[in-house]
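Accompanying notes for the structure given below.
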Amino acid sequence: MRSWVMLSRRGPPLLAGVMWLAMVSPLIGQRWAAGLAGGLNAARVSFENPTADALAKATPGIHLAAIVLTRVGSATAIRSGLAFTQKGFDSDDEQVKLAYLEVPLFLQIDFPVALAPRLFAGPVASFEVGCESRRVPGVGSVQCDDVLAGLQRATVDFGLALGAGMGFGAGPGCVVVDLWANSGLTNINRETTPPGAARNRALYLTVGYVVPLGGTE
C-alpha cells in the first residue's frame with residue numbers, strides 16, 4: 001500500500017471560499033434558509049488494484065457544514081454550503097487521514113408528508129486542507145508532504161453525491177437528519193505503477209438545524 005502516492009497542495013481554502021460565495025450570492029433576496037450541521041462519516045479509498053482495494057478499510061471522520069438552501073419551486077430547492085470533512089483509508093501497514101473543504105451543489109426534492117422526507121443529489125468539489133500518513137516505519141505519523149511519507153496526490157477532488165433525509169419543526173426552524181454517499185470521480189493517485197487509480201468514497205450521517213430567512217423554507 002505504500003506505493004500509493006499522491007501532488008502537493010496550494011490555496012484550497014481560498015478557492016473553496018470563492019466558489020461558495022459565487023454560488024450563494026445569487027440566492028440572497030430569494031426565499032432561502034441557512035443552518036449548521038454536523039456528524040460522522042465512514043470513508044475509504046477505492047483502489048483499481050484488487051489486492052490493494054481488498055486491504056483498504058474504512059476510517060471514521062467528522063463532518064461539519066454550513067448550509068444554504070433556496071427554493072426554486074414548491075417542492076424543489078437548491079442546496080449548497082461549505083463543509084469540513086475527514087476522509088482517508090486504513091490498512092494493516094498504513095493509515096492515511098485526509099481533510100477537505102467541500103463545496104456541494106445539490107438539487108433537493110421535498111415530499112409534503114409527515115417528517116418532511118427529502119431526496120438530494122449533485123456534484124461536490126473537495127479541496128484538500130490536510131493530509132497525514134500514519135504508521136510510517138520507524139517514524140510514526142508525518143505530514144504527507146514529508147519525504148518520509150512518500151505521498152504525492154491530487155488535492156482537488158470532484159464527486160457525485162446522492163442522499164436522503166427528513167426534518168421536523170423545532171422553534172423558528174427545522175431539525176434535519178441526512179444520510180448520503182459521495183463517490184469521488186477524480187483519480188487522486190498520480191503514480192502510474194500499481195495500485196493504479198484511487199478514488200475517495202464516503203458515507204455521511206449528519207444532524208442539523210435550518211432557519212428560514214427572507215421567506216419560508
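- With Gln86 contributing its side chain and Ile62 its backbone, the two residues share a donor-acceptor pair below 3.5 Å.
- In this structure, Ser46 contributes its side chain and Arg199 its backbone to no donor-acceptor pair below 3.5 Å.
- Placement of Leu179 and Val175 within a single hydrophobic cluster is found when ILVMFWY residues are connected by side-chain heavy-atom separations under 4.5 Å, directly or transitively.
- The cluster map of Ile, Leu, Val, Met, Phe, Trp and Tyr, joined by side-chain heavy atoms under 4.5 Å apart, puts Leu162 and Leu119 in different clusters.
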Exercise. Take Ser91 and Lys57, measure what side-chain hydrogen bond (donor to acceptor under 3.5 Å, both in side chains) needs, and give me the verdict at the end.
Key: CA-CA 6 Å; Ser91 70; Lys57 297 175 289 187; over 6 Å; no

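- Checked by atom type and distance alone, the side chain of Asn187 pairs as donor or acceptor with a backbone atom of Ala198 at under 3.5 Å.
- Scanning all heavy atoms of the two residues, the minimum distance from Tyr100 to Ser126 falls at CD2-CB, 3.7 Å.
- Using a distance-only test at 3.5 Å, with no hydrogens or angles considered, a donor-acceptor pair links the side chain of Ser80 to the main chain of Pro104.
- Residues Leu160 and Pro123 come closest through the heavy atom pair CD2-CA, 3.9 Å.
- Closest of all the heavy-atom pairs between Ala161 and Val124 is CB-CG2, 3.9 Å.
- A distance of 11.5 Å separates CG in Leu203 from OG in Ser183, rounded to the nearest 0.5 Å.
- Here the straight-line distance linking atom CG of Leu64 with atom CZ of Phe84 works out to 7.0 Å at 0.5 Å rounding.
- With hydrogens and angles ignored, the 3.5 Å screen pairs a side-chain donor or acceptor of Tyr209 with a backbone N or O of Gly173.
- When Val96, Leu55, Asp53 are each tested for a side chain to side chain contact (heavy atoms under 4.5 Å, CB included) with Phe89, only one passes: Val96.
- When side chains are defined from C-beta on, Val176 does not count as touching Val207, because their heavy atoms never get closer than 4.5 Å.
- Here the CG atom belonging to Asn200 is positioned 6.0 Å from the CG atom belonging to Leu98, to the nearest 0.5 angstrom.
- A distance of 9.5 Å separates CG of Asp178 from CE of Met166, quoted to the nearest 0.5 Å.
- Across His63, Glu102, Glu128, a single residue satisfies side chain to side chain donor-acceptor pair (under 3.5 Å) together with Lys87, and that is Glu102.
- No side-chain donor-acceptor contact under 3.5 Å links Thr76 to the backbone of Ile109.
- Looking only at side-chain heavy atoms (C-beta outward), Ile78 and Leu105 come within less than 4.5 Å of each other.
- Counting only distance, with no hydrogens or angles, the side chain of Arg44 and the backbone of Ala56 share a donor-acceptor pair below 3.5 Å.
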Quiz item: Hey, mind stepping through Asp157 and Thr186 against side-chain hydrogen bond (donor to acceptor under 3.5 Å, both in side chains) and telling me if it holds?
Solution: CA-CA 5 Å; Asp157 185 17; Thr186 304; 3.3 Å; yes

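- Relative orientation of the Tyr204 and Trp180 rings is parallel, given thresholds of 30° and 60° on the angle between their planes.
- When all heavy atoms are compared, the tightest approach of Arg71 to Ala77 is NH1-CB, 3.6 Å.
- Rounding to the nearest 0.5 Å gives a distance of 10.0 Å between CZ of Phe158 and CG of Leu185.
- Annotation: side chain of Val103 is in contact with side chain of Leu82 (closest heavy-atom distance under 4.5 Å).
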Quiz item: Taking it one step at a time, do Thr85 and Asn41 satisfy side-chain hydrogen bond (donor to acceptor under 3.5 Å, both in side chains)?
Solution: CA-CA 8 Å; Thr85 193; Asn41 66 32; 2.8 Å; yes

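- Geometrically, Arg79 engages Phe120 in a cation-pi contact defined by less than 6.0 Å to the ring centre and at most 45° from the axis.
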